[in-house]
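For clarity, every value in this text was computed on a predicted model and none was experimentally measured. Chain A is the first sequence line, chain B the second, and so forth, proteins listed ahead of strands; every chain is numbered from 1.
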Amino acid sequence: MPKKSDFFQDVYAVVRLIPKGRVTTYGAIGIYLGAAKSARMVGWAMNNAHGLQPTIPAHRVVNRNGLLTGKAHFKPPSLMQHLLEKDGITVENNTIVNFKEHFWEPLEELKL
DNA sequence: CGATTGACGTACG
DNA sequence: TCGTACGCCAATC
């Protein structure tokens, strides 16, 4: 059977591997997959991941600025911030506080 | 099948 | 520092 774009599957795998209390960026995932310039595809993967199983912690994936750009796609939109705070992450003005400290880079954690 | 859109990021002025 | 332009690739219109 032909398998679908491994790119999307890989995105889901990486997002699922994000530890609790940590966040990453679309660009970081794209770089890890070897598609640094295809950060948009990561976003598309999330869009497709919405509602699929296992649950994808997309709330831990934000843009490079630490801004919850995808919060509008959650149900309700405030759910994203809620989940992040539940993980111990402070969110203010749709932006992660101390984003750099919470940043989780797949290349450093998965390269092993 | 062509044009537009999109949960991004970088480059340029 | 801010705003605009472009690239990237898949899905949608």
Side-chain angles (χ1 to χ4, degrees):
Chain A
M1 281 298 293
K3 43 189 184 178
K4 299 186 155 197
S5 302
D6 292 315
F7 186 86
F8 280 41
Q9 298 299 325
D10 226 350
V11 171
Y12 305 145
V14 174
V15 175
R16 268 193 269 107
L17 290 172
I18 300 174
K20 181 185 174 193
R22 298 289 178 127
V23 292
T24 190
T25 69
Y26 303 96
I29 296 173
I31 292 168
Y32 173 72
L33 299 178
K37 297 173 183 176
S38 303
R40 284 189 138 142
M41 301 299 89
V42 179
W44 265 115
M46 295 291 103
N47 190 18
N48 192 36
H50 179 57
L52 93 74
Q53 201 173 74
T55 307
I56 307 297
H59 59 275
R60 292 177 182 159
V61 184
V62 295
N63 69 347
R64 169 173 138 52
N65 304 306
L67 183 68
L68 280 57
T69 50
K71 82 176 225 125
H73 295 259
F74 281 76
K75 190 185 72 119
S78 58
L79 178 65
M80 187 172 188
Q81 179 175 337
H82 181 75
L83 291 172
L84 287 170
E85 290 181 342
K86 193 172 153 196
D87 282 353
I89 297 172
T90 304
V91 178
E92 200 169 290
N93 191 13
N94 297 334
T95 309
I96 295 174
V97 180
N98 300 327
F99 171 65
K100 189 173 77 174
E101 296 180 6
H102 293 297
F103 182 50
W104 179 79
E105 190 172 7
L107 276 176
E108 287 196 4
E109 302 294 334
L110 304 179
K111 69 184 180 183
L112 306 175

Check: Ala45(A) main-chain N/O paired with Tyr12(A) side-chain donor or acceptor under 3.5 Å: yes
Backbone N/O of Met41(A) and side chain of Ser38(A): donor-acceptor pair under 3.5 Å: no
Segment of DNA chain C, first to last nucleotide, that comes within the 4.0 Å heavy-atom reach of chain A: dG7(C) to dA10(C)
Lys71(A) and Asn94(A), any side-chain heavy atoms less than 4.5 Å apart: yes
Check: Asn93(A) main-chain N/O paired with Thr95(A) side-chain donor or acceptor under 3.5 Å: yes
His50(A) to His73(A) - nearest heavy-atom pair and separation: CE1-O, 4.2 Å
Please tabulate the protein-to-nucleotide N/O contacts below 3.5 Å involving nucleotides 10-13 of chain B, giving atom names and distances.
none

Separation of Tyr26(A) OH from Thr69(A) OG1 (nearest 0.5 Å): 4.0 Å
Heavy-atom side-chain proximity of Phe103(A) to Ile96(A) below 4.5 angstrom: no
Short N/O separations, protein against nucleotides 4-7 of chain B, under 3.5 angstrom:
unit_1	atom_1	unit_2	atom_2	d
dG6(B)	N2	Trp44(A)	NE1	2.5
dG6(B)	N3	Trp44(A)	NE1	2.5
dA7(B)	OP1	His73(A)	NE2	2.8
dA7(B)	O5'	His73(A)	NE2	3.1
dA7(B)	N7	Gly43(A)	O	3.0
dA7(B)	N7	Asn47(A)	N	2.7
dA7(B)	N6	Met46(A)	O	2.8
dA7(B)	N3	Gly70(A)	O	3.4

Spacing of the P atoms in dC1(B) and dC8(C) (rounded, Å): 22 Å
Spatial distance of atom OG1 (Thr90(A)) from atom NE2 (His102(A)) [nearest 0.5 Å]: 6.0 Å
Nearest heavy-atom neighbours spanning Lys86(A) and Lys20(A): O-CE, 4.0 Å
Which side-chain N or O atoms in residues 56-63 of chain A pair as donor and acceptor under 3.5 Å with protein atoms at least two apart or in another chain?
unit_1	atom_1	unit_2	atom_2	d
Arg60(A)	NE	Asp87(A)	OD2	2.8
Arg60(A)	NH1	Ile18(A)	O	3.0
Arg60(A)	NH2	Asp87(A)	OD2	3.0
Asn63(A)	OD1	Asn65(A)	N	3.4
Asn63(A)	OD1	Gly66(A)	N	3.2
Asn63(A)	OD1	Leu67(A)	N	2.7

Counterpart residues, side-chain hydrogen bond (donor to acceptor under 3.5 Å, both in side chains), relative to Asn47(A) (two or more places apart): none
Contact residues, residues 88-102 of chain A to DNA chain C [heavy atom, < 4.0 Å]: none
Check: Trp104(A) main-chain N/O paired with Thr24(A) side-chain donor or acceptor under 3.5 Å: yes
